[in-house]
Structures are given as structure tokens and as C-alpha cells.
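First the structure, in the form of C-alpha cells, and then the observations on it.
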Amino acid sequence: MDVQNWTYTIVGITFLIYIAIAIWAKAGSTKEFYVAGGGVPPVLNGMATAADWMSAASFISMAGLISFMGYDGSVYLMGWTGGYVLLALLLAPYLRKFGKFTVPDFVGDRYYSNAARTVAIICAIFVSFTYVAGQMRGVGVVFSRFLEVDINTGIIIGMCIVFFYAVLGGMKGITYTQVAQFCVLIFAYMVPAIFISMLIAGTPIPQIGFGSELVDGGGFLLDRLNGLHEELGFASYTDGSKPMIDVFFITFALMVGTAGLPHVIVRFFTVPKVRDARISAGWALIFISLLYTTAPAIAAFARYNLINTVSNQQYSELPSWFNTWEGTGLLAWADKNGDGAIQYVKGDPFVGKPAFTGETGELGQRLLSNEATVDNANELYIDRDIIVLANPEIAKLPAWVIALVAAGGLAAALSTAAGLLLVISTSIAHDLIKKQLNPNISEKSELLSARIAVAIAIVIAGYFGINPPGFVAQVVAFAFGLAAASFFPVIILGIFSKRMNKEGAIAGMLTGIIFTAAYIIYFKFVNPGMNKPEFWLFGISPEGIGTLGMLINFAVSFVVSRLTPAPPQEIQELVDSLRYPKGAGEASAH
Amino acid sequence: MEKGKLQAYWKTNLSYLIALLVVWFVVSFGFGILLVDQLNAIHVGGFKLGFWFAQQGSIYTFVVLIFVYVALMNRLDKKYDVRED
């Protein structure tokens, strides 16, 4: 069988599994719909959390990013795992004890304020939509490359699948589907990594392989990579080039942002007990670290393979994957010096993204209309997303492995999209309609409005996937920065400080959000030309500014709360009750 | 349960948190970022140590930290009789 048929078969089978699970796990009550009835065993919950967390970005883009950034890519590795320590230690058990459905529920009740609840709802919806648009796009990319259907058709197929199991099963359906999706995605990620580690380093464990000696006797892989980088003018692979303060702040913002993301937090409402909430964070992190410790290995292997395959090679002698990926526009070659060979060194090969003229050159390469750069000799344009998707082809692995990667990418994108859509629908049906607009709504109508909200959210997300706003990549910084600067301090203080009152919380959230949003908007949208280290505050990039926003939030909350009256007695008792696991009760609406 | 006992439970919990978060900070922000250049002088196999902490070691430590916390708290819950049935 060829790659195409393998892909249809494997993707088809996985989709059938997801649908079968959805039918089996149909939700009958709002509680099942929002938090899967609060009865998911911790190990399965950990798996579902891992699938929910690992998005198309983790699966498709992260290893590629690290491959091009080297040490600097560590910000994602540490940032997107370290947050789980904060979750397990500082948030999950207490929020589980609190026993309601959503983060805005907690903020609204703990700070006895509908204004605070509203701010939290808006943040939750904004963060989730930002994310979900990116997932839909990921679905489209995988479909268009591997199934060779139009990118928009791919998105619509993805929408139908998610629609089916999110609307029908709610959190219950989503959770059990995500368990299946985790298995698919981790298998799809590990298999090529193990193959490549065997080929390059002679060990089946990629985590060890990328610190081993090369099979061909060229010394240690990382040393060889540093040598190649030096030859070609790139920054040393193991040292990176970002300023230390920026690495610090970005890592911190990603960690704290992770712990403040509503679709992650809601996961800990679905387990039966407080101690289950603690351990499910542990299971989630184990499952996540399988992928996150493999990613840097894939990054290093791919970097080595890529440089070896293309650098100073004649175009006519390149393997066929090069041509296939040129076809997607993610790879392009401009023969600036006319020698028919590929020069791959530091610098942009031409101005902007590749714009193909539609004609092919005498060697068969797609010709470009971009203006060539003259300050460097680089001739190669590579989109970082290629690394994971093309890795099996670059390493000449069998066709079924390539098909598996397609199914894995889809599993990652769909599982995250479904989790986010649920947060959006819960925010609307529960936080907004039930808690604010129509408190007398019946269980049945609330469930119906939650289903309608998911359906509408899927359509909007699909629209953004088909017509991606140019700023999807930029707004990811937003999502983490805002979560770090708003939710995290408010929740932490709500648990650990009895003295924290609504005045402090609202003032802190607002200053944190406004400061962070203003900084990001200024550098990303208003004045992108100034987005350089010399203009940044203390040398902190917009990606890392959420950390400073968080510190400001903490400081403002503290000062304001001390100048205003203490919270009412019953709130102080509520905080007390959060701290002791006994009598956690089930997740309930009231 | 009397108030003093619950306060002791909470205090012990806080001291666990502080100790574990110190480790959390040291392996990631300490070894992986602030001291990375110094640690990179040490080689373990083909890894520079600082680089290894940033891309591998910190993540393994995070996992261990959570499970240590779970074990400590399960014991503490029993000791103070606040464990759920």
C-alpha cells in the first residue's frame, strides 16, 4: 500500500473509534455534560488531560521550533510542563474541593461579585477561541497534505467529527474520546522517533539517543550539530541566542499561564475526590512528558538529518520529499548564485513568505517572485512545521509510519479543539445564562443551551480555521499572558489568603490584564517595527510580559485588599473549607 | 475537629509546598536558565549538563515532585483524619 491508502485506512479507523466512543458515552445530565459526572478515574483523567493539553502546536510545531531554536526552545519544554507542578500543588486539590463546574464559578463565588465573574467569563471565552482557531487550522493542514483534499474540506470534515462527539457526549464523551486520542497521538509521535534514534544513534530510546555518539562515528550528535552550526553561521545549538532575562520571563509566563488556562483547570473538576485531583495532575504530567522529552530528541535528529540532506547538495540529486513539500509552499529554494546546489546558512533567503510564479526552473524547482536578499548566501526557506510531518520521509521510514503521523496530528488537534469548545459552551450556558441571565432555567433547558452553544462555537471556530485571521500566531502569546496575569493570581490568592477581598481581586485582575494586553498589542499590532530587544521593558519580549503582569496583579491585589474591608465571614469560612479535603462532596451546581 | 489541629495540618501543607517549590525553581530556573553556562562546563555523555536540565532533567524532576507531594499529602490527610472515604 502507498502512503495515501495507508493514511485513509489509519485515519478512517481512528475516526470510527472516536464516533463509537461518543455514542457509548452520551451525556444525560448537565453534570455529565460539564464535568463527566465527576467520576473519571485519575489515570484516565490524566490521559485525557494530556490529550487536551497537547495541541496541534505541541504535536506538529514544537519539535520544529526547538529544531530551529536549539537551547532557546527550552522555554516551551519547561514552560509547558512546569505549570503542572503549580497546578497539582497550588490549584487542583482546592478547586476540586470547591466543587463547582468552572473557573468563573470560583471567581464569582469566592469574591462574592458578579463583576469579577463577568471578567472571568470574558477571559475564558477569549482564551479558548484564540486557541481553537489554531486547532482547526492544524486539522486543515494535516488533511491537505496527507489526504490531498482541499484545506477547507479538511476543516469541515474535522468540524463534523468534533460536532458529533462534543454535542452528544459533552465532557463525558470528550474525556473518553481523548483517552483514545492520547493513545493514537503518543504512538504516532514515538514510533518515528524510535526509528530515527535507532538509525542515527543506535539506541531505541530517543531521550538517550540525542546525547549519544553517532552511529557513523562522527562523535557525539550534539557536538557534531554545534560544529555544523558554526560552519554555517548559525548560533550554537546548545547555547541559543536569546537574552537570559527573556528566557526566564517567557518560561515563567508559560508555566503560570498553563496553570491558569480554564480548559486545563476544568479537568480537575471531573475526578471523584480531592486526592484524585492531586494525582491526576501527576498522571497528566507523566503522559505529557513522554512527548515533551521526546520532542527535543526529534528536534536534534531532524536538524542533523536536514543539514546533512540539503546543505551543499545538488538540487537534482535531492530525495523526492523535497519536491513534495515544495508543492505545499512550506519549503522553497531560490538559487541565488546559480550553481544548482542548495546553500543553507544563516539569514533569510528572500523577503517575506514564498510567492511562487507558477513556473518551474530548469532543474524542476518552483520559481519564486520574491525579492532575493543580498546580505547573506542562504537559499533555503523552511517552515518549521515541516520538521515533525516530514521527519519520517526525511529519515526514509516506511509508508505506514508516515500515515500514522497524520492520524496523530489529527488526534492532537481534535482533542484540544473539543476540550476548548466545551469550556466555551460551559461559559455561555452555565456561567452566563444560568448564573447571570436566567437562574430559573431547568436542567433540561440548560443542557440544551449548552449543546447549542457548542454547535455555534464549532461553526465560529471552523470559520476562523477557513479564514484564519493573520494574527493567530501572535494571539497565542496573548492567551498565556492573559491567563498568567489574570486567573492565576486571583485563584492563588483566593485559596491562600483569607484576607483577599473583591476590591483587591478586581483591581488586581484589571491592572494585570490591561498592562499585559497593552504591552502585547503595542509591540505586536500598533508598532511591530519596534518589537526588538532594545525597546522592550527590561529586555522582556511580549511573550514573557505576562510574568510581569502577574507580579503587578499580585502587588495591586495585596495593597488594595489591605486598604478595603475584609471579606464577609462566610467567605472566610468558605476559604477554610477549601483547605481540608474531608467532605469535598461531589461536583455540584450549588 | 478542633481548630488547632486543622491549623497544624495547613501549616505542614504549606511547608511541603515551600520545600517542593524551591526544588521546582532550582531545577528549571536555576539549573536550566540562570546557571546554565556554569553547568554547561560539565559534560554527561554527549549532553552539556545545563542544556540537559533545560530540555530533559527539569521535566523528569517535575514529575517526581508531583508524586512526592501526593505521597506526603496522602500521609498527612490520614494523620489529621481529613482523608475522604
Side-chain angles (χ1 to χ4, degrees), chain A residues 66 70-71 73-75 77-79 81-82 84-90 93 201 207-208 210-213 219-223 237-239 244 247-248 251-252 255 272-276 278-279 281-286 288-289 292-293 295-297 299-300 496 576 579-584, chain B residues 1 3 5-7 9-10 13-14 16-21 23-25 27-37 40 43-48 50-74 76-78 80-85:
Chain A
I66 300 166
Y71 166 78
S74 315
V75 297
L77 295 167
M78 289 189 283
T81 53
Y84 279 83
V85 177
L86 300 176
L87 263 173
L89 271 55
L90 302 177
Q207 285 84 344
I208 295 175
F210 86 115
S212 305
E213 290 186 57
F220 285 114
L221 169 69
L222 290 171
D223 292 343
Y237 189 82
T238 53
D239 290 334
M244 186 181 284
V247 172
F248 189 99
T251 308
F252 210 99
M255 281 194 192
K273 295 192 171 77
V274 170
R275 63 171 185 274
D276 296 332
R278 294 186 196 122
I279 195 135
W283 286 117
L285 188 59
I286 285 196
I288 291 168
S289 29
Y292 273 64
T293 54
F496 289 88
D576 244 339
R579 297 180 174 181
Y580 313 109
K582 199 159 192 171
Chain B
M1 194 181 317
K3 230 176 158 194
K5 247 185 120 183
L6 283 179
Q7 272 171 356
Y9 169 85
W10 184 246
N13 179 21
L14 290 182
Y16 290 162
L17 289 180
I18 291 166
L20 294 171
L21 288 176
V23 178
W24 166 81
F25 186 87
V27 292
S28 50
F29 295 98
F31 295 165
I33 298 175
L34 299 173
L35 300 171
V36 71
D37 294 328
N40 273 348
H43 288 251
V44 178
F47 289 113
K48 292 177 179 173
F51 177 81
W52 182 81
F53 265 106
Q55 300 211 333
Q56 297 277 308
S58 57
I59 303 176
Y60 300 133
T61 316
F62 294 154
V63 174
V64 172
L65 284 176
I66 296 183
F67 280 90
V68 167
Y69 180 67
V70 168
L72 287 172
M73 287 311 283
N74 281 346
L76 196 68
D77 286 354
K78 274 188 199 145
Y80 284 91
D81 196 27
V82 293
R83 183 184 166 88
E84 297 158 274
D85 309 308

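Computed from a predicted model, the values in this text were never measured in an experiment. Chain naming here is simple, since letters A, B, ... match the order of the sequence lines and numbering starts at 1 in each.
One finds the OH atom of B:Y60 at 15.0 Å from the OH atom of A:Y292 (value rounded to the nearest 0.5 Å). Taking OH of A:Y84 as the reference point, atom CD1 of B:I66 lies at 9.5 Å (rounded to 0.5 Å). Atom NZ in B:K48 sits 7.5 Å away from atom CG in A:D223 (nearest 0.5 Å). Summarising the geometry, atom CG belonging to A:D239 is positioned 6.0 Å from atom CG belonging to B:N40; distances are rounded to the nearest 0.5 Å. Note that CZ of A:R275 is 3.5 Å distant from CZ of B:R83, once rounded to the nearest 0.5 Å. Here the CZ atom belonging to A:F220 is positioned 9.5 Å from the NE2 atom belonging to B:H43, to the nearest 0.5 angstrom.
Of all non-hydrogen atoms in B:I33 and A:Y71, the two that sit nearest each other are CA-OH, 3.6 Å. The two residues A:G70 and B:Q55 come nearest to each other via the heavy atoms O-NE2, 3.3 Å. Closest heavy-atom contact between A:M78 and B:A54: CG-O, 3.4 Å. Between B:W24 and A:G82 the shortest heavy-atom distance is NE1-O, 3.3 Å.
Using a 4.5 Å cut-off on side-chain heavy atoms (C-beta onward), A:L86 and B:L21 make contact.
Interface residue B:S28: backbone and side-chain heavy atoms are both found under 4.5 Å from chain A. Using a 4.5 Å cut-off between heavy atoms, A:L89 touches chain B through backbone and side chain atoms alike. Only the side chain of A:I66 comes within contact range of chain B, with at least one heavy atom under 4.5 Å from a heavy atom of that chain. Interface residue B:L34: backbone and side-chain heavy atoms are both found under 4.5 Å from chain A. Only the side chain of B:V36 comes within contact range of chain A, with heavy atoms under 4.5 Å apart. Neither the backbone nor the side chain of A:L87 comes within contact range of chain B; no heavy atoms are under 4.5 Å apart.
Shown here are the side chain to side chain donor-acceptor pair (under 3.5 Å) partners of B:D77, two or more places apart in sequence or in another chain: A:R278, B:Y9. Under the side chain to side chain donor-acceptor pair (under 3.5 Å) criterion, B:Y16 pairs with no residue, sequence neighbours left out.
A distance below 6.0 Å separates the ring centres of A:F252 and B:F29. Checked against a 6.0 Å centroid threshold, the rings of A:F496 and B:W10 count as neighbours.
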Checking side-chain contact (heavy atoms from CB on, under 4.5 Å) for the pair A:Y237/B:F51: CA distance, chi angles, key distance, verdict?
CA-CA 10 Å; A:Y237 189 82; B:F51 177 81; 4.1 Å; yes
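Put simply, of A:L77, A:T238, A:L222, the one with the most heavy-atom pairs under 4.5 Å next to chain B is A:T238. With chain A as the partner, the residue from B:L14, B:L65, B:L17 showing the most heavy-atom pairs under 4.5 Å is B:L17.
Summarising the local packing, CH2 of A:W283 is surrounded by 12 or fewer heavy atoms from other residues, nucleotides or ligands at distances under 6.0 Å.
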